Amino acid sequence: MKTNILATFIATTFLMSCSKDNNETIDNDPKKTTVYALTGAADASGNYTSKIWKDNTSTSYNATLMDIAVDGNDIYAVSSGYIQSSKRSYILLWKNGKADTIATSSGQLQAVAINVSNKNVYVAGYESAGKIVPKIWKNGVATTLSSDATFGTTVGDMEVVGDDVYVIGEAMYTNNGSVPNVGMIWKNGQPTKLTDAKYYVGLSKVFISGSDVYVGGIEYNSAQVAVAKIWKNGTPTILSDGKNQTYVYGLFVDGKDVYATLEENIGASKTGKIWKNGVTTEFKDGSNPAVPFQIVLKDSVVYTLGQVSRDVKLWKNNEGTQLTKDAQYSQPGTLIIK
């Protein structure tokens, strides 16, 4: 049940937390493909703004949006927050710029992902009140995901296909939050372990293609180097050589072609890469270094959302459009092509 303080907070704050920015554009696709993108950026004063882009229009939110989903003409988003006066955290579900509270807690609530399928709205996240508990909210009703982890389980991503709900995360068996932990996937609430708790694992993306389930993430090796991996139906494929820290951000499957976006850290420098069917190619914005975060294929066109220096850029094949400018720091988010 919503508290009066939270209701007042929403009434007084979120009426002015969403605004259209008509002067910022993404080029329209000649085939009338619609591009949706989530970006976040902080200015020089540290003020953070999330934006949802729909083709040539961006809408600003004074909230840290974690994910977006599109269903017909409706755009959904999810965010988390904390009210100091009431000492309660909350999760907000946004629909077309209007926010509704779906959860509050005296502990910490964190929303991670949102999906809409068959008119049902799913939000995945976790609640921490002494122990981290993974949860799904379906149309605002919470369900706890089962886990035997001693110290709790986090959530990394969610994908919903029809009525099947896939969630990935990490189960923690020690209280140091690092090793050993276990990569987990749930299908309709039933858990499966992807890793064996030998090394630290971090799962970032789940993608469903037909009957195949792909999970992207990292697993440390014996030298404590993050190795990029894709698990297909539970079987891992190694994407990096294990010499430099390498992270998986995005994952996309188009027929027999499997794509992943990577970041390799070599000393203080970051190198962006795209992995396709075992072949890794360095990703650049012209001659400038760039890091791809999300990748989507539509009608043989490759769309990529990523970072150049401190700003976010969207590429259609090799043609880029800058989405943030002079950011102190930025965050590429979700990319959806309809």
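Nothing here was measured: the structure is a model prediction, and the numbers come from that model.
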Aromatic ring proximity, centroids under 6.0 angstrom, Y259 and W275: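 No; Y259 has its ring centre 6.0 Å or more from that of W275.
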Residue pair K270, E264: steps toward the salt bridge (Lys or Arg N to Asp or Glu O under 4.0 Å) verdict: CA-CA 6 Å; K270 298 179 179 180; E264 181 180 13; over 6 Å; no
Between [Y] and [X], is there a side-chain heavy-atom distance shorter than 4.5 Å?
X    : Y    : result
N265 : T246 : no
W137 : V121 : no
I83  : Y90  : yes
L92  : I102 : no
S80  : L109 : no
L305 : V312 : yes
L239 : I230 : yes
T153 : V133 : no

Just how far is it from atom [atom1] of [X] to atom [atom2] of [Y], taken to the nearest 0.5 Å?
X    : Y    : atom1 : atom2 : value
K338 : T34  : NZ    : OG1   : 9.5 Å
W186 : S147 : CH2   : OG    : 5.5 Å
I295 : I337 : CD1   : CD1   : 11.0 Å
I91  : E127 : CD1   : CD    : 8.5 Å
Y126 : Q110 : OH    : CD    : 5.0 Å
N62  : N47  : CG    : CG    : 9.0 Å

Parallel, tilted or perpendicular: ring planes of Y249 versus F293, cut at 30 and 60 degrees: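 Aromatic pair Y249/F293 classed parallel.
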Lys/Arg-Asp/Glu bridge criterion (N-O < 4.0 Å) met for K119, D71: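 Result for this pair is yes, salt bridge flagged.
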Salt-bridge contact K193-D148 (side-chain N to carboxylate O under 4.0 Å):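 A salt bridge links K193 with D148.
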Does any N or O in the side chain of [X] come within less than 3.5 Å of the main-chain N or O of [Y], such that one atom is a donor and the other an acceptor?
X    : Y    : result
N317 : E319 : no
Q307 : S309 : no
D55  : V35  : yes
S269 : I266 : yes
N115 : M158 : yes
D43  : S45  : yes
S240 : A228 : yes
S105 : G107 : yes
D196 : K198 : yes
T101 : A103 : no

Side-chain donor-acceptor pair present, [X], [Y], cut-off under 3.5 Å:
X    : Y    : answer
S89  : Q108 : no
D311 : S330 : no
Q294 : T304 : no

All N/O donor-acceptor pairs, side-chain side in residues 278-289, below 3.5 Å, sequence neighbours left out:
{"residue": "D285", "atom": "OD1", "partner": "K313", "partner atom": "NZ", "Å": "3.2"}
{"residue": "D285", "atom": "OD1", "partner": "W315", "partner atom": "NE1", "Å": "3.0"}
{"residue": "D285", "atom": "OD2", "partner": "K313", "partner atom": "NZ", "Å": "2.9"}

F252/F207 under ring-ring contact (aromatic ring centres under 6.0 Å, His included): CA gap, chis, key distance, verdict: CA-CA 7 Å; F252 192 86; F207 192 97; 5.1 Å; yes
Stepwise side chain to side chain contact (heavy atoms under 4.5 Å, CB included) check, T39 with W53: CA-CA 8 Å; T39 65; W53 293 82; 3.4 Å; yes
Co-members of the apolar cluster containing V141 [side chain, <4.5 Å]: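 None; V141 is a cluster of one.
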Derivation of the side chain to side chain donor-acceptor pair (under 3.5 Å) call for S79 and W94: CA-CA 8 Å; S79 66; W94 300 77; 3.0 Å; yes
Side chain to side chain contact (heavy atoms under 4.5 Å, CB included) partner of Q245, the single match among V225, I218, V227: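 Of V225, I218, V227, side chain to side chain contact (heavy atoms under 4.5 Å, CB included) with Q245 is met by V225 alone.
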Atom CG of N188: over 12 foreign heavy atoms under 6.0 Å: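 It does: N188 CG has more than 12 such atoms within range.
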Atom of N96, atom of N73 and distance for their closest heavy-atom approach: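 Nearest heavy atoms, N96 then N73: OD1-O, 3.9 Å.
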Audit row: K87, Y82, side chain to side chain contact (heavy atoms under 4.5 Å, CB included) steps and yes/no: CA-CA 7 Å; K87 300 188 183 304; Y82 184 77; 3.3 Å; yes
Side chain to side chain donor-acceptor pair (under 3.5 Å) assessment of R88 paired with S106: CA-CA 5 Å; R88 294 189 68 82; S106 58; 4.8 Å; no
